[in-house]
Structures are given as C-alpha cells and as structure tokens.
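Quick notes on the structure that follows.
Just so it is clear, the values below take in all heavy atoms, side chains as well, and ignore hydrogens, waters and symmetry mates. For clarity, every value in this text was computed on a predicted model and none was experimentally measured.
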Protein chains: 2
Amino acid sequence: MLDNTDLKILKLLKSNCKMQFRDIGEVVHLTGQAVSNRISRMENLGVIKGYTVLLDEKMLNKSLTAYITIFMKTTNHEVFCEFLSNNESVMEANRISGEGCYMLKVQVNSQEDLNDFLDSVLKYGNYRVNISIGKIK
Amino acid sequence: MLDNTDLKILKLLKSNCKMQFRDIGEVVHLTGQAVSNRISRMENLGVIKGYTVLLDEKMLNKSLTAYITIFMKTTNHEVFCEFLSNNESVMEANRISGEGCYMLKVQVNSQEDLNDFLDSVLKYGNYRVNISIGKIK
DNA sequence: GTTTTTTGCTTTCTCCAGGAAAGGATTTAA
DNA sequence: TTAAATCCTTTCCTGGAGAAAGCAAAAAAC
C-alpha cells in the first residue's frame with residue numbers, strides 16, 4: 001500500500017507539512033506533481049488524517065503537563081468519555097489495560113487549574129497524578 | 001501578547017493549518033493579509049513552533065499504544081534521555097514527579113516489538129506498562 | 001493639547017506553488 | 001498480443017501568499 005517513497009514523504013511532512021511539493025520531490029527524486037499525487041492518494045486512503053500546527057504550550061498558559069491515571073468508581077463510562085472529549089485541558093485520553101482504567105494527558109495553566117480538573121474528575125473515579133517536570137520529547 | 005483574535009486563529013490552524021488565510025480572515029473579520037501578519041508574528045514569537053501532519057498510526061504499523069512509567073535504577077539519566085530521543089517508537093517522554101521517573105508514550109507494531117522495546121529499557125530501569133485498548137481522544 | 005511615533009489594518013500588485021489536463025512509459029490483466 | 005491500469009512527466013493556468021505602499025487609530029513624547 002505504501003512504498004518507501006511514501007514513507008519518506010510522510011517523514012518530511014511530519015517535520016514540516018508546508019514544505020513545497022517541489023522541494024519534497026527533490027529529496028525523493030520525483031517531480032512536484034508526482035509528490036502531489038502521492039499525497040492526495042494518502043489523504044484519500046486516510047493515512048494522512050489532517051494538517052495541524054505545533055504550539056508552544058508554555059506560551060499559551062498551558063505550562064503544566066500531567067499524566068493522570070483514572071480508577072473508575074462508577075460504571076458510567078459513556079458520560080466520562082463525553083466529559084473527556086469536551087474538556088479543553090485533556091490533550092489525550094486512552095482506555096488502558098493494566099492498573100487503572102484510563103490514562104489522560106492533561107495540560108493546564110496552574111496547580112489551581114489542575115486541582116479544579118481533578119475535582120471534576122472525582123465524580124467519576126479516583127486518580128493517580130504524575131506531573132511533568134521536564135519534556136524530553 | 002496574544003489577543004482573542006490570535007487565539008481564534010490558532011484554533012483554526014490547529015484544526016487545519018492549510019486553511020487559507022482569506023478563509024481564516026472571514027471567520028475573524030480580517031483580510032487575509034492581516035491574518036498573514038498575525039501568523040508571522042506568532043511564528044517569530046515562537047508561539048507557533050511548526051506545522052505537521054496528523055497520521056493514522058494504525059495504517060503505519062503503529063497499532064499498539066502504551067504508556068510506560070520508568071523507575072530508573074541507574075543515575076545515568078543523560079544516556080537514557082539520549083536513548084529516548086533517538087528511539088522511533090517513543091512518541092512522548094516526560095520526566096515526572098510522583099511515582100516513577102519518566103512517563104513515556106510508545107507506539108509500536110506488535111506485542112513483540114513492545115517486548116523488544118521493554119528489553120532495551122531494562123538496562124536503565126524498571127517499568128510499569130499500561131497498554132491502550134481504545135483511544136478516546 | 002498638539003505633534004510624533006508606533007501599531008495594525010487595507011488595498012494593490014506580482015510571482016510562484018499547486019492543481020488540472022494531456023501524453024508517455026511500464027506493468028498487470030485479459 | 002492486445003487492452004487496461006498505474007504512475008510518471010510536461011505543460012498550462014488559476015489563485016494564494018507575500019511585498020510594498022498608504023491609511024487610520026492609538027500610544028508616546030513634547
């Protein structure tokens with residue numbers, strides 16, 4: 001489905017999706033149009049889901065990152081998932097196996113906001129919090 | 001530093017950074033050029049760190065997502081951080097407070113690859129694994 | 001209170017990236 | 001052996017983005 005050239009193109013797009021097709025073409029030895037065709041194909045296939053911007057969260061009052069493990073105390077997962085989907089502080093949310101039911105990545109402004117968030121989580125379950133004190137990657 | 005219009009623009013870019021400046025302008029009631037100026041400003045400020053592509057990891061043989069908590073047994077954090085930076089399976093890595101030293105988000109092809117990864121981690125520390133069994137967000 | 005500077009916008013103009021269409025080469029299917 | 005499909009290149013054209021100039025309002029200086 002995807003050949004090596006496609007993967008190279010994806011890698012380039014990942015580092016900068018605004019890179020010009022012609023420049024990508026020079027790297028992978030194709031014309032810009034051929035690159036364009038391949039990208040369209042990957043968009044249609046669903047391999048490429050979208051294009052987005054990388055923001056400096058620190059500058060946007062999202063200086064505090066935490067990983068939160070949720071231990072549900074109710075069985076109402078649907079409502080909880082709804083809550084997660086709608087909450088702007090929740091960056092990622094996965095149902096997990098192993099200890100706990102969900103793993104969340106949360107980004108907020110301050111300790112206070114984190115407290116507020118945890119309060120609102122308490123309705124659904126208990127939690128374990130791991131606050132990021134440094135981003136490696 | 002950033003006003004409400006900037007935040008609106010960022011939100012739009014986050015959903016689709018290839019959106020045309022004129023179309024963004026229509027939403028925030030500005031001309032395309034004004035939008036362009038604001039975006040350039042935010043790029044220079046460092047609020048916008050880059051533009052990237054959202055991929056369907058499942059289609060790229062990255063079907064297995066796991067959150068891994070690392071409990072270091074050596075003090076050689078530098079080498080470990082190096083290892084994390086260079087490892088393609090590691091999507092995120094944060095130094096954390098609370099239980100454990102690092103929280104990793106890892107995406108691999110198979111249980112086998114996860115095993116291999118964990119083996120290579122063992123040099124540095126012990127781990128707790130939480131495998132994602134469903135992505136909410 | 002008036003002048004000067006700065007800031008942020010719009011308008012205009014130009015250039016080039018990207019998309020469409022056509023044609024060719026190679027592979028796959030009939 | 002022919003027909004179809006795939007994937008590429010070349011050519012052409014449109015329209016988006018960037019640059020420059022000009023304007024208006026706010027901020028700073030006097």
Side-chain angles (χ1 to χ4, degrees), chain A residues 1-63 88-89 91 107-110 113, chain B residues 1-63 88 91 107-110:
Chain A
M1 195 169 77
L2 296 183
D3 63 16
N4 213 34
T5 304
D6 288 326
L7 295 179
K8 273 189 207 162
I9 292 172
L10 289 181
K11 207 163 188 175
L12 290 168
L13 289 178
K14 206 161 188 187
S15 74
N16 176 19
C17 73
K18 289 205 167 179
M19 196 170 171
Q20 285 170 19
F21 293 176
R22 180 151 51 87
D23 295 341
I24 295 177
E26 274 183 27
V27 179
V28 300
H29 306 298
L30 284 176
T31 58
Q33 284 65 20
V35 172
S36 172
N37 290 340
R38 278 168 176 268
I39 290 176
S40 303
R41 204 186 82 243
M42 290 192 279
E43 285 171 354
N44 293 331
L45 277 171
V47 177
I48 295 175
K49 288 196 292 186
Y51 299 92
T52 189
V53 68
L54 283 174
L55 302 177
D56 189 329
E57 307 289 354
K58 279 179 201 153
M59 293 183 118
L60 290 165
N61 291 332
K62 296 265 186 181
S63 47
E88 282 219 333
S89 302
M91 299 290 124
Q107 284 189 315
V108 291
N109 191 0
S110 61
D113 287 3
Chain B
M1 194 169 78
L2 297 182
D3 63 17
N4 213 33
T5 304
D6 289 324
L7 295 178
K8 273 190 207 162
I9 291 173
L10 289 181
K11 206 163 189 176
L12 290 169
L13 288 178
K14 206 163 188 184
S15 75
N16 175 20
C17 73
K18 290 207 169 181
M19 196 171 171
Q20 285 169 18
F21 293 174
R22 180 150 51 87
D23 294 342
I24 295 176
E26 274 183 26
V27 178
V28 300
H29 307 298
L30 285 175
T31 58
Q33 285 66 20
V35 172
S36 173
N37 290 339
R38 279 168 175 268
I39 290 176
S40 304
R41 204 186 81 244
M42 290 191 281
E43 284 172 355
N44 293 331
L45 276 171
V47 177
I48 295 175
K49 288 197 290 187
Y51 299 93
T52 190
V53 68
L54 284 172
L55 301 177
D56 188 330
E57 307 289 353
K58 278 179 201 153
M59 294 181 119
L60 290 165
N61 291 334
K62 296 265 185 181
S63 48
E88 283 220 333
M91 299 290 123
Q107 284 189 316
V108 291
N109 192 358
S110 61

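Heavy-atom neighbours of B:Lys58 NZ from other residues, nucleotides or ligands within 6.0 Å: at or below the threshold of 12.
A 4.5 Å side-chain heavy-atom check between B:Leu60 and A:Leu7 finds at least one atom pair inside the cut-off. With contacts defined as side-chain heavy-atom distances shorter than 4.5 Å, the pair B:Leu55/B:Lys62 does not qualify. With a 4.5 Å cut-off on side-chain heavy atoms, B:Ile24 and B:Leu30 do not count as touching. In this structure the side chain of A:Arg38 never reaches within 4.5 angstrom of the side chain of A:Val28, judged on heavy atoms. Considering only heavy atoms from C-beta on, A:Arg41 comes within 4.5 Å of A:Leu2 through its side chain.
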Expected rows: protein N/O vs nucleotides 4-8 of chain D N/O, under 3.5 Å:
{"from": "D:dC8", "atom 1": "OP1", "to": "A:Arg38", "atom 2": "NE", "distance (Å)": "2.9"}
{"from": "D:dC8", "atom 1": "OP1", "to": "A:Arg38", "atom 2": "NH2", "distance (Å)": "2.6"}

Could you go over nucleotides 23-29 of chain C and give all protein N or O partners under 3.5 Å, atom names and distances?
none

Find every protein N or O atom lying less than 3.5 Å from an N or O atom of nucleotides 13-21 of chain D, and list the pairs.
{"from": "D:dG16", "atom 1": "OP1", "to": "B:Gln20", "atom 2": "OE1", "distance (Å)": "3.4"}
{"from": "D:dG16", "atom 1": "OP1", "to": "B:Arg22", "atom 2": "NH2", "distance (Å)": "3.4"}
{"from": "D:dG16", "atom 1": "OP2", "to": "B:Arg22", "atom 2": "NH2", "distance (Å)": "2.5"}
{"from": "D:dG16", "atom 1": "O5'", "to": "B:Gln20", "atom 2": "OE1", "distance (Å)": "3.2"}
{"from": "D:dA17", "atom 1": "OP2", "to": "B:Phe21", "atom 2": "N", "distance (Å)": "3.2"}
{"from": "D:dG18", "atom 1": "OP2", "to": "B:Ser36", "atom 2": "OG", "distance (Å)": "3.4"}
{"from": "D:dG18", "atom 1": "O6", "to": "B:Gln33", "atom 2": "NE2", "distance (Å)": "3.3"}

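Looking only at distances, no side-chain donor or acceptor of A:Ser36 sits under 3.5 Å from a matching main-chain atom of A:Gly32. Without hydrogens or angle criteria, B:Asp6 side chain to B:Asp3 main chain gives a donor-acceptor distance under 3.5 Å.
Across all their heavy atoms, B:Met59 and A:Leu45 have their closest contact at CE-O, 3.2 Å. The nearest pair of heavy atoms linking B:Val53 to A:Tyr51 is CG2-CE2, 3.8 Å. Annotation for A:Phe21 and A:Ile39: closest pair CE2-CD1, 3.8 Å, computed over non-hydrogen atoms.
Applying the salt bridge (charged side-chain N to carboxylate O under 4.0 Å, His left out) rule to A:Arg22 yields no partners; only residues at least two apart in sequence or on another chain are considered.
For the helix from C:dG1-D:dC30 to C:dA30-D:dT1, the end axes, each set by the C1' atoms of five terminal pairs, are bent relative to each other by 30° (nearest 10°).
Atom CD1 of A:Ile39 and atom P of C:dA17 are 15 Å apart (whole Å). Across the protein-nucleic acid pair, B:Leu45 atom CG and C:dT7 atom P stand 13 Å apart, rounded to whole Å. Rounded to an integer number of Å, the gap from A:Ile24 CD1 to C:dG19 C1' is 15 Å.
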Which atom pairs, one a donor and one an acceptor, fall under 3.5 Å between side chains of residues 10-19 of chain A and the rest of the protein, sequence neighbours left out?
{"from": "A:Lys11", "atom 1": "NZ", "to": "B:Glu88", "atom 2": "OE2", "distance (Å)": "3.3"}
{"from": "A:Ser15", "atom 1": "OG", "to": "A:Leu12", "atom 2": "O", "distance (Å)": "2.9"}
{"from": "A:Asn16", "atom 1": "OD1", "to": "A:Lys18", "atom 2": "N", "distance (Å)": "3.0"}

